[in-house]
Number of protein chains: 2
Amino acid sequence: MREPLPADMFDELCPSSLNPIRFGDKWAALIIRCLESGPRRYSELRVPLSRVTPKVLTQSLRSLERDGLIKRTVHTDTTPHVEYELTPLGHSMLEPLAVACAWSEQHWDELLDARESYDNSTRLDQAG
Amino acid sequence: MREPLPADMFDELCPSSLNPIRFGDKWAALIIRCLESGPRRYSELRVPLSRVTPKVLTQSLRSLERDGLIKRTVHTDTTPHVEYELTPLGHSMLEPLAVACAWSEQHWDELLDARESYDNSTRLDQAG
DNA sequence: CGGTATCCAGCGTGATACTG
DNA sequence: CAGTATCACGCTGGATACCG
């Protein structure tokens, strides 16, 4: 007989219960990956993340900064600008991120197929 | 000089742009992990996921089923019951999931510390 | 036992316009 | 250049009660 699932397995205070795979908000992972190859300025980030409005981008960047994943630096020299870069902590997140991305790319088709056939059979159920 | 970020890096249709690390909804990852050691009945899942209301649990299970990650089986023998189990696709997600969980457990303290010091310094900014 | 029905609040997200 | 302000909305997630 299989063993029962422990009742406190996903206690609210246990780190492993804190949405292990949903780091941050909607755009967090993409931002991290944009900073993979070095520091980037705000306006640079806006290019690949053109679907994100400035407000939301700033919001996400602040959240990542708060969690110690990225560092925001205001440069006040001849050409004033702001740069974002990964902290060591942020850098350490690249690996799980890469693993997750690899999974997505490998299995995305399967998932879409499953979704389509599920929707089709569900629609038939409703019709019949 | 560093190279610019490609404009289409996170095109809407590219799998890698589809929130690589936010698989499914709030409880998806936890449910997958509950099914790691074999099939489970609805009422079994409710034990470790006691913080999830039945409605939301059903919702999440349906979503996972739709994406082909779990299989729902209605048994109609002497003791009628429903069982959920991982599909091969769902099973393949355990690895990225484990990597992500390991990261959380290793770096959770750092993240919380960063958060606290950020909040403190921000509060000081507002006060001053 | 394995769910639904109904209603609702919060918040994450977004569009648009404006600023030091 | 690097944001903020304001407004609004959809959708997720939750409380509670009920059902075959």
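Bear in mind that the values here come from a model prediction, so they are computed numbers and not experimental data. So you know, we letter chains A, B, ... as the sequences are listed, proteins then strands, and number each from 1.
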>> Side chains of B/R40 and B/S43 only: does a donor on one sit below 3.5 Å from an acceptor on the other?
In response: no
Value in whole Å for how far the [atom2] atom of [N] lies from [atom1] of [X]:
{"X": "A/E44", "N": "D/dA2", "atom1": "CD", "atom2": "P", "value": "9 Å"}
{"X": "B/L61", "N": "D/dG13", "atom1": "CG", "atom2": "P", "value": "13 Å"}
{"X": "A/L45", "N": "D/dC1", "atom1": "CG", "atom2": "C1'", "value": "13 Å"}
{"X": "A/L49", "N": "D/dG3", "atom1": "CG", "atom2": "P", "value": "14 Å"}

Please tabulate, one pair per line, each protein N/O and nucleotide N/O from nucleotides 14-16 of chain C that are separated by under 3.5 Å, including the distance.
{"unit_1": "C/dG14", "atom_1": "OP1", "unit_2": "A/K26", "atom_2": "NZ", "d": "3.2"}
{"unit_1": "C/dG14", "atom_1": "OP2", "unit_2": "A/W27", "atom_2": "NE1", "d": "3.0"}
{"unit_1": "C/dG14", "atom_1": "N7", "unit_2": "A/K55", "atom_2": "NZ", "d": "3.3"}
{"unit_1": "C/dG14", "atom_1": "O6", "unit_2": "A/K55", "atom_2": "NZ", "d": "2.1"}

> How far does the helix from C/dC1-D/dG20 to C/dG20-D/dC1 bend, going by the axes of its first and last five pairs, to the nearest 10°?
Replying inline: 60°
> Which pair of heavy atoms, one from B/T87 and one from B/G68, lies closest together, and at what distance?
Replying inline: OG1-O, 2.6 Å
> B/L89, A/V99: one ILVMFWY side-chain cluster at the under-4.5 Å cut-off?
Replying inline: no
Within the structure, does a side-chain N or O atom of [X] lie under 4.0 Å from either OP1 or OP2 of [N]?
{"X": "A/R41", "N": "D/dC1", "value": "no"}
{"X": "B/Y84", "N": "C/dG3", "value": "yes"}
{"X": "A/T58", "N": "D/dG3", "value": "no"}
{"X": "B/R62", "N": "C/dG2", "value": "no"}

> Using a cut-off of 4.0 Å on non-hydrogen atoms, how would the nucleic acid contact of A/R46 be classed: base, sugar-phosphate, or nothing?
Replying inline: nothing
When rounded to the nearest 0.5 angstrom, what is the spacing between [atom1] in [X] and [atom2] in [Y]?
{"X": "B/E110", "Y": "A/S92", "atom1": "CD", "atom2": "OG", "answer": "6.5 Å"}
{"X": "B/L35", "Y": "B/E44", "atom1": "CG", "atom2": "CD", "answer": "9.5 Å"}
{"X": "B/L57", "Y": "B/Q59", "atom1": "CG", "atom2": "CD", "answer": "10.0 Å"}
{"X": "A/C101", "Y": "A/L30", "atom1": "SG", "atom2": "CG", "answer": "8.0 Å"}

>> Show me the pairs that pass side-chain hydrogen bond (donor to acceptor under 3.5 Å, both in side chains) and involve residues 73-82 of chain A, at least two apart or across chains.
In response: A/H75-A/E83
> In residues 63-83 of chain A, which residues come under 4.0 Å of DNA chain C by heavy atom?
Replying inline: none
> Who are the side chain to side chain contact (heavy atoms under 4.5 Å, CB included) partners of B/S60, not counting sequence neighbours?
Replying inline: B/D25, B/W27, B/I31, B/V56
> What pairs with A/E65 under side chain to side chain contact (heavy atoms under 4.5 Å, CB included), at least two apart in sequence or on another chain?
Replying inline: A/R62, A/I70, A/R72, B/Y118
> Got more than 12 heavy atoms from elsewhere within 6.0 Å of CD, A/E95?
Replying inline: no
